[in-house]
Amino acid sequence: MRVLHQIHARLLTHAMPISSISFGLCKIIGFCALSTYGDIDYARKLFSQIQSPNIFSWNSMIRGCSQSQTPSKEPVILFRKMVRRGYPNPNTFTMAFVLKACSIVSALEEGQQVHASVLKSGFGSSPFVETALVNFYAKCEDIVRASKVFDEITDRNLVAWSTMISGYARIGLVNEALGLFRDMQKAGVVPDEVTMVSVISACAASGALDTGKWVHAYINKQLIETDLELSTALVNMYAKCGCIERAKEVFDAMPVKDTKAWSSMIVGLAIHGLAEDALEEFFRMEEAKVKPNHVTFIGVLSACAHSGLVSEGRRYWSSMLEFGIVPSMELYGCMVDLLCRASLVEDAYTLVETMPISPNPVIWRTLLVGCKKNKNLDKSEIVAQRLLELEPHNAENYILLSNLYASMSQWEKMSQVRKKMKDMGIKAVPGCSSIEVDGLVHEFVMGDWSHPEAMDIREILRDISKRVHAVGHQPGISDVLHNVVDEEKENALCEHSERLAIAYGLLKTKTPKAIRIVKNLRVCGDCHEVTKIISAEYRREIIVRDRVRFHKFVNGSCSCRDFW
DNA sequence: TTAGGGTTAG
């Protein structure tokens with residue numbers, strides 16, 4: 001920047017034509033607006049001093065503003081200003097930069113307006129603009145439009161394919177992401193490490209371990225460079241697919257590890273309930289002089305929470321403050337969870353009350369789960385009130401409260417909650433579990449009969465019921481929402497999505513292959529017990545990734561040691 | 001001067 005300041009001073013002090021000064025200033029703006037070495041504020045100042053900036057400096061400003069630490073709609077405002085002035089005319093660079101800016105802040109409406117100008121201006125055939133459009137719609141999670149733009153591209157290059165695959169992967173459409181990856185190969189386009197990051201991330205999101213392993217083997221076979229980003233994606237994939245040993249192998253082999261790589265490993269160990277290993281890695285990270293960020297501490301604190309390490313958790317909270325990390329909502333969430341799991345609901349409540357930021361619904365919901373666990377009726381009603389004020393239309397809250405009353409046999413109050421839910425037309429979010437078989441992810445929702453092999457699945461479920469009863473299991477019926485007769489409650493439990501997915505796993509795979517399930521909600525207490533029994537009765541390892549963590553069921557017990 | 005990538009509370 002010092003050199004640029006000197007050049008700027010020379011431009012102003014030496015006699016030369018106005019047009020040359022202006023041209024020079026535009027060049028300086030271009031350099032200043034670059035995020036790596038630049039100074040966007042200085043660029044802004046210079047930009048405001050030129051009467052008629054050229055297209056290069058407008059483009060530099062639009063791009064520079066979008067790379068700011070605190071992204072805003074400023075690039076869109078600049079673009080509109082330029083169009084209003086009528087000079088200079090935007091070019092393909094302008095369109096690509098402004099679309100990128102819209103994708104960063106998910107400005108769907110503004111981006112659509114840019115899309116309209118792209119069509120009018122005829123820049124739609126530029127590969128850079130086409131890809132920027134796909135990326136923009138994908139980042140705004142409008143995957144239908146992203147896919148439409150992608151389909152209309154006549155000559156799809158590597159970047160276009162990768163962008164679309166990444167779009168599917170980001171929203172968890174794993175079969176679509178993998179299907180497109182296969183189409184890309186059929187089209188003769190050779191993937192690179194950026195493509196593979198998205199493919200691996202899709203496997204991670206869906207818990208598709210077999211596909212993930214296949215893709216990893218493909219990366220090695222094709223000699224695709226496993227750079228920092230791809231290695232981190234692999235660590236994350238193995239961890240999220242329940243294969244923490246492989247995650248550790250990939251991580252240990254990494255020659256360079258940055259904050260995200262360490263955080264990925266620590267979070268991975270935490271969700272596997274391996275608190276000691278997670279804390280050991282954190283210690284090594286400090287030794288390696290890599291600075292932790294708030295995500296690293298999310299891993300550290302959740303590791304403590306899942307293992308009941310309260311005093312350690314408190315200590316790490318203090319050290320986090322010493323690192324200068326300002327506690328985010330997520331970090332408060334971790335701490336509230338840590339205290340609640342350790343039955344310190346009052347402490348958790350005090351922490352929430354003293355938070356400098358206004359607690360969000362997740363915080364209140366975590367507290368409510370803590371109240372349910374500790375059967376703290378008084379606090380739970382205060383907490384529920386705050387939660388419902390903030391989120392009156394979220395079915396999950398009513399179900400949680402209803403289950404809380406059910407667990408305390410407060411049937412009248414439970415009915416009131418159910419009635420309120422019905423009156424407001426709020427429907428429960430169904431539990432959904434998935435299992436990967438032969439490279440395809442099969443999804444099941446609670447009470448699902450839509451699968452082509454539904455009849456065979458029911459037969460397995462009946463066999464499970466018989467065996468579970470034979471070992472004397474009593475269904476934990478308070479986990480069921482409905483206040484109906486016990487037999488019906490039991491039937492409802494048998495239809496939980498994870499049981500359908502486990503039954504499908506038993507139907508389609510053989511010992512010693514582990515059954516791996518991914519569930520969108522937390523596993524209920526009864527399913528947890530039944531899965532333990534299944535693991536012993538059928539001599540199968542069953543690994544369930546629920547919304548919070550992993551459960552590894554082997555020979556009648558679970559890796560979470562019933563603490564989850 | 002242009003487009004695609006990795007960690008995140010319940």
Would you indicate what [X] reaches in the nucleic acid, counting non-hydrogen atoms under 4.0 angstrom: base, sugar-phosphate, or nothing?
X: Lys139(A); result: sugar-phosphate
X: Pro361(A); result: nothing
X: Asp546(A); result: nothing
X: Ser264(A); result: sugar-phosphate
X: Ala305(A); result: nothing
X: Asn135(A); result: sugar-phosphate
X: Thr195(A); result: base
X: Glu193(A); result: base
X: Leu228(A); result: base
X: Leu158(A); result: base
X: Val369(A); result: nothing
X: Thr92(A); result: base
X: Ser162(A); result: base
X: Leu230(A); result: base

[X] has a side chain; which of [options] sits nearest to it?
X: Ser166(A); options: dA3(B), dG6(B), dG4(B); value: dG4(B)
X: Phe93(A); options: dT1(B), dG5(B), dT8(B); value: dT1(B)
X: Asn293(A); options: dT7(B), dT2(B), dG6(B); value: dT7(B)
X: Ala261(A); options: dA9(B), dG6(B), dG10(B); value: dG6(B)
X: Met329(A); options: dA9(B), dG4(B), dG6(B); value: dA9(B)
X: Val197(A); options: dT2(B), dG6(B), dG10(B); value: dG6(B)
X: Thr232(A); options: dA9(B), dT1(B), dG6(B); value: dG6(B)
X: Val194(A); options: dA9(B), dG10(B), dG4(B); value: dG4(B)
X: Ser263(A); options: dT7(B), dT1(B), dA9(B); value: dT7(B)
X: Ala233(A); options: dG6(B), dG4(B), dG10(B); value: dG6(B)

Q: Assess whether side-chain contact (heavy atoms from CB on, under 4.5 Å) is satisfied between Arg314(A) and Val310(A), documenting all intermediate values.
A: CA-CA 6 Å; Arg314(A) 289 190 204 264; Val310(A) 185; 3.9 Å; yes
Q | Carboxylate-amine/guanidinium contact Lys248(A) Glu281(A), below 4.0 Å | A |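 Here Lys248(A) pairs with Glu281(A) in a salt bridge, since their nearest N and O are under 4.0 Å apart.
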d([atom1], [X]; [atom2], [N]) in whole Å:
X: Lys291(A); N: dT7(B); atom1: NZ; atom2: P; result: 21 Å
X: Asn360(A); N: dG10(B); atom1: CG; atom2: C1'; result: 9 Å
X: Lys240(A); N: dT8(B); atom1: NZ; atom2: P; result: 3 Å
X: Leu331(A); N: dT7(B); atom1: CG; atom2: P; result: 17 Å
X: Phe150(A); N: dA3(B); atom1: CZ; atom2: C1'; result: 13 Å
X: Phe251(A); N: dG6(B); atom1: CZ; atom2: P; result: 18 Å

Q: Would you kindly check whether a donor in the side chain of Asp192(A) faces an acceptor in the base of dG4(B), or vice versa, at under 3.5 angstrom?
A: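 Yes, the side chain and the base share a sub-3.5 Å donor-acceptor pair.
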Q. So does Asp227(A) reach the base of dG5(B) with its side chain, donor to acceptor, closer than 3.5 Å?
A.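 Flag set: donor-acceptor pair detected.
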Q. With respect to Met254(A), which candidate in Thr226(A), Leu228(A), Asp227(A) satisfies the side chain to side chain contact (heavy atoms under 4.5 Å, CB included) definition?
A.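 Exactly one option meets the side chain to side chain contact (heavy atoms under 4.5 Å, CB included) with Met254(A), and it is Leu228(A).
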Q: Quickly, which of Leu158(A), Ile224(A), Val197(A), Val159(A) forms a side chain to side chain contact (heavy atoms under 4.5 Å, CB included) with Asp192(A)? Name it, please.
A: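 The passing option is Leu158(A).
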(Q) For Arg246(A) and Tyr238(A), which I'm curious about, is there any donor-acceptor pair between the side chains at under 3.5 Å? (A)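 Side chains of Arg246(A) and Tyr238(A): pair found under 3.5 Å.
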Q | Flag for Asn54(A)-Ser57(A): side-chain donor and acceptor within less than 3.5 Å | A |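 A pair is found: one side chain offers a donor N or O, the other an acceptor, under 3.5 Å apart.
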Does [X] put a side-chain nitrogen or oxygen below 4.0 Å from OP1 or OP2 of [N]?
X: Lys100(A); N: dG4(B); value: yes
X: Asn236(A); N: dG6(B); value: no
X: His306(A); N: dA9(B); value: no

Q: Decide ring pair (Phe, Tyr, Trp, His ring centres under 6.0 Å) for Trp58(A) and Phe79(A); before the verdict, give the C-alpha distance in whole Å, the side-chain angles of both, and the deciding distance to 0.1 Å.
A: CA-CA 8 Å; Trp58(A) 278 100; Phe79(A) 172 70; 9.5 Å; no
Q.
Check the orientation of His272(A) and Phe550(A). Use parallel for under 30°, tilted for 30 to 60°, and perpendicular for over 60°.
A.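 Ring orientation, 0 to 90° scale: parallel.
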